[in-house]
Undergrad: 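Structure provided below as structure tokens; questions to follow.
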There are 2 protein chains.
Amino acid sequence: MMSSEFSYYEKRGVSFTKSDLHQALRHADPGLYPDTFCKVLSDPWEAGVEHALLLHSDTAGTKTILAYLYWKETGNLSGFEKVVQDALVMNTDDMACAGCTGPYLASAILSRNKKCIPSEVLSTIIRAQEAFCEKMAHFGMDIHMAGGETADVGDVLRTLDVGYTLFGRLKRNQVVHIDIRPGDIVVGFASFGQCAWEEAYNSGIGANGLTSARHDLLHHKYYTLYPETFSPELTENVVYQGPYFLTDKPLQDLPDVGSLLLSPTRTYVPLIRSILNEFRDHLHGLIHCTGGGQTKVLRFLKGVCVVKDNLFPLPPLFELLRLHGKTPLAEMFQVYNMGHRLEAYIKPEIADQVIALADTLGIEARVVGHCVSSGKPGVEIHYQNERFFYSAP
Amino acid sequence: MMSSEFSYYEKRGVSFTKSDLHQALRHADPGLYPDTFCKVLSDPWEAGVEHALLLHSDTAGTKTILAYLYWKETGNLSGFEKVVQDALVMNTDDMACAGCTGPYLASAILSRNKKCIPSEVLSTIIRAQEAFCEKMAHFGMDIHMAGGETADVGDVLRTLDVGYTLFGRLKRNQVVHIDIRPGDIVVGFASFGQCAWEEAYNSGIGANGLTSARHDLLHHKYYTLYPETFSPELTENVVYQGPYFLTDKPLQDLPDVGSLLLSPTRTYVPLIRSILNEFRDHLHGLIHCTGGGQTKVLRFLKGVCVVKDNLFPLPPLFELLRLHGKTPLAEMFQVYNMGHRLEAYIKPEIADQVIALADTLGIEARVVGHCVSSGKPGVEIHYQNERFFYSAP
């Protein structure tokens, strides 16, 4: 029933708690409000106090490596298109959870090792930026590309890093404050499936845990073939320990392993816009379950325990990760989103309407849990016959 | 008298022309104006047309590697403080050349290999951000840190990448348009020395050409000692080919080689603010001589040749690079700033006043050249007994 410190993820040089990073940032200015999903700033260009600003950065992390591997193995560049969406959506969806649903201005930082990443990859990325913005405009999500920086830094980068910084502006009374209360219901919105703005099945993997997922699923042959795709400081026995080649298809009726791992992070922004339009007064918080996965809500809990006892059954790719990974289930809930990457904390009376709204956009939703008063705030996960408890900090 | 394609810099996996990058970006939206130093955008939150926005990204490039090496060799973390300034100033000074002199909002992307870069380095960086902003506020330069992203991506990064994206807003009538004319005088502003907001001698190196500078000056011993600091795809004979260790002091009365290479990029923003306040009507362009060095102006030339026949004598570190580097002088002018990193294209009658203004801020300035009408637009550099010509694209 208790989770504790796990070491396997750490051995690969990543951390889901980012505790040392939080330590480094402990003196940082929290922004205008202490209770928003991401930092909201005052507007230095405004005399009054009507507006607030957001400037938010995120990257595709190690998912770029999958795009690289898939391209090297198959000649198919489309993985690079997908990581563009990953990096953009990691920003937009964080910002939307604070109430900022667009328009957004976006600037890219593309750092590459030119010896591995030729200009056709950059062209693919730049076209993909434009294509994603164009497509999402049809769904009321407005992203303007401001440009960005491309840096040739092979002495720093093994392959490619794709990051974006997004700017947004909104009225202060539209900021979403997180105030989770006993009695609230938690609605989870599927990260997998195929929603109204997706052309293909999405595995739901998102952009977190990809270091683990890649090494847990992919075959050790890649250790020898692609030394540029992992840190040489890692011990060989944590690198590419899985059974699959990228083009293997272990799951019936689903694409190959490479495509499943490269499924682009679904944006929930059109859904969030609708929820805010219709249900703002009944909403006590939106959580984007990225790094930290199903425990992402922990830092917003005061006197409340979130009991998640009706999670989505693990989508197929996560089942595959559970089967082949060395990551214990308790840790998987901290590393991956495990089926839903957005959760809304709402008054019970609107649960059915919110779920129906998501359904109209092709996003499966369900009541995944509820909140109870507790002297020991945290997240309690019940899954199949197991229970895990994660303490709030 | 002719420059052509050079290959040495390219062998190290970098390019000063970035021709393949420009190719990839050829369809990108140029923004509101074709004639600004960096991209200026319309304000999607504004009903009218009074304001413009900038969202601009840049990184410290491979200069982070010098900070890493210096720390490993001496235990001194201060190099990481300096690369923070490098990455911020590469943004602010580009933006200022378009007329945007603050306030700025800044967001960081710090990607690291956790196996090499511990949290004390991140703490140093985060403190340095705040310290630089605080110091420059005393000189009228207003940067607000919005936060940012720290990513543990050892499979992508060998050591550390430090990038920032800055947001700025200004009135459209304050945008600086570049309109270089025959008869204009070029005033160069020293990148070296010690200006009013600097605590120590600045070598002037800035944040461009650091891959070459590092490999040309530093001793091959580092090839064996620090394999994490260069791309393994490089041939050994271009890596760390110089005579010096970081703590060597080959230049009388100046700091060691490591400190000279780590000199933080000087910001010219307080100077640019004053120039714009006093001389806007006599100004035909401000050029930030970063990648491309003394030829940075090329893409803004129409029917004009810029004759640079009175450049600063090479500052000591650049002389050292000339002495020990394998980079031909003609190429050095494209890789490094070579003594001034800001140049103003002005009417001759204000040259003395502009130079005097810079002097009050501790920045040496001089007329470095002039503009002549030409059917063959380009930059002509006269230096000692040599002449080089660089064609406009």
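To find a chain, count down the sequence lines: A is the first, B the second, and so on, and within it residues start at 1.
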Undergrad: Among A:L234, A:T159, A:V239, which residue satisfies the side-chain contact (heavy atoms from CB on, under 4.5 Å) criterion with B:D155?
TA: A:L234
Undergrad: Need one label for B:I65: side chain, backbone, both or neither, based on atoms under 4.5 Å from any heavy atom in chain A.
TA: side chain
Undergrad: Any side-chain heavy atom of A:L105 within less than 4.5 Å of one from B:W45?
TA: yes
Undergrad: Given a strict heavy-atom distance threshold of 4.5 Å, which part of A:Y164 is in contact with chain B: side chain, backbone, both, or neither?
TA: backbone
Undergrad: Using a 4.5 angstrom heavy-atom cutoff, name the option from B:V40, B:N113, B:T59, B:I125 with the most pairs to chain A.
TA: B:N113
Undergrad: Does any backbone or side-chain atom of A:E228 lie under 4.5 Å from a heavy atom of chain B? Answer side chain, backbone, both or neither.
TA: both
Undergrad: Contact part of A:L53 toward chain B, heavy-atom cut-off under 4.5 Å: side chain, backbone, both or neither?
TA: side chain
Undergrad: Taking every heavy-atom pair that is under 4.5 Å apart, which of A:V153, A:V156, A:L157 has the most such pairs with chain B?
TA: A:V156
Undergrad: I need the minimum non-hydrogen distance between B:P44 and A:H144, along with the two atoms involved.
TA: CB-NE2, 3.9 Å
Undergrad: Is A:C116 close to chain B through its backbone or its side chain, or both, or neither, when contacts mean heavy atoms under 4.5 Å?
TA: side chain
Undergrad: Using heavy-atom distances under 4.5 Å, tell me whether A:R214 contacts chain B through its side chain, its backbone, both, or neither.
TA: side chain
Undergrad: Rounded to the nearest 0.5 Å, how far does OG of A:S231 lie from CZ of B:R158?
TA: 10.5 Å
Undergrad: Looking at A:T165, A:L55, A:L41, which one has more heavy-atom pairs under 4.5 Å with chain B than the rest?
TA: A:L55
Undergrad: A:M145 versus chain B, heavy atoms under 4.5 Å apart: side chain, backbone, both or neither?
TA: backbone
Undergrad: Heavy-atom distance under 4.5 Å to chain B: side chain of A:T64, backbone, both or neither?
TA: side chain
Undergrad: Less than 4.5 Å to any heavy atom of chain B: does that hold for the side chain of A:H51, its backbone, both, or neither?
TA: neither
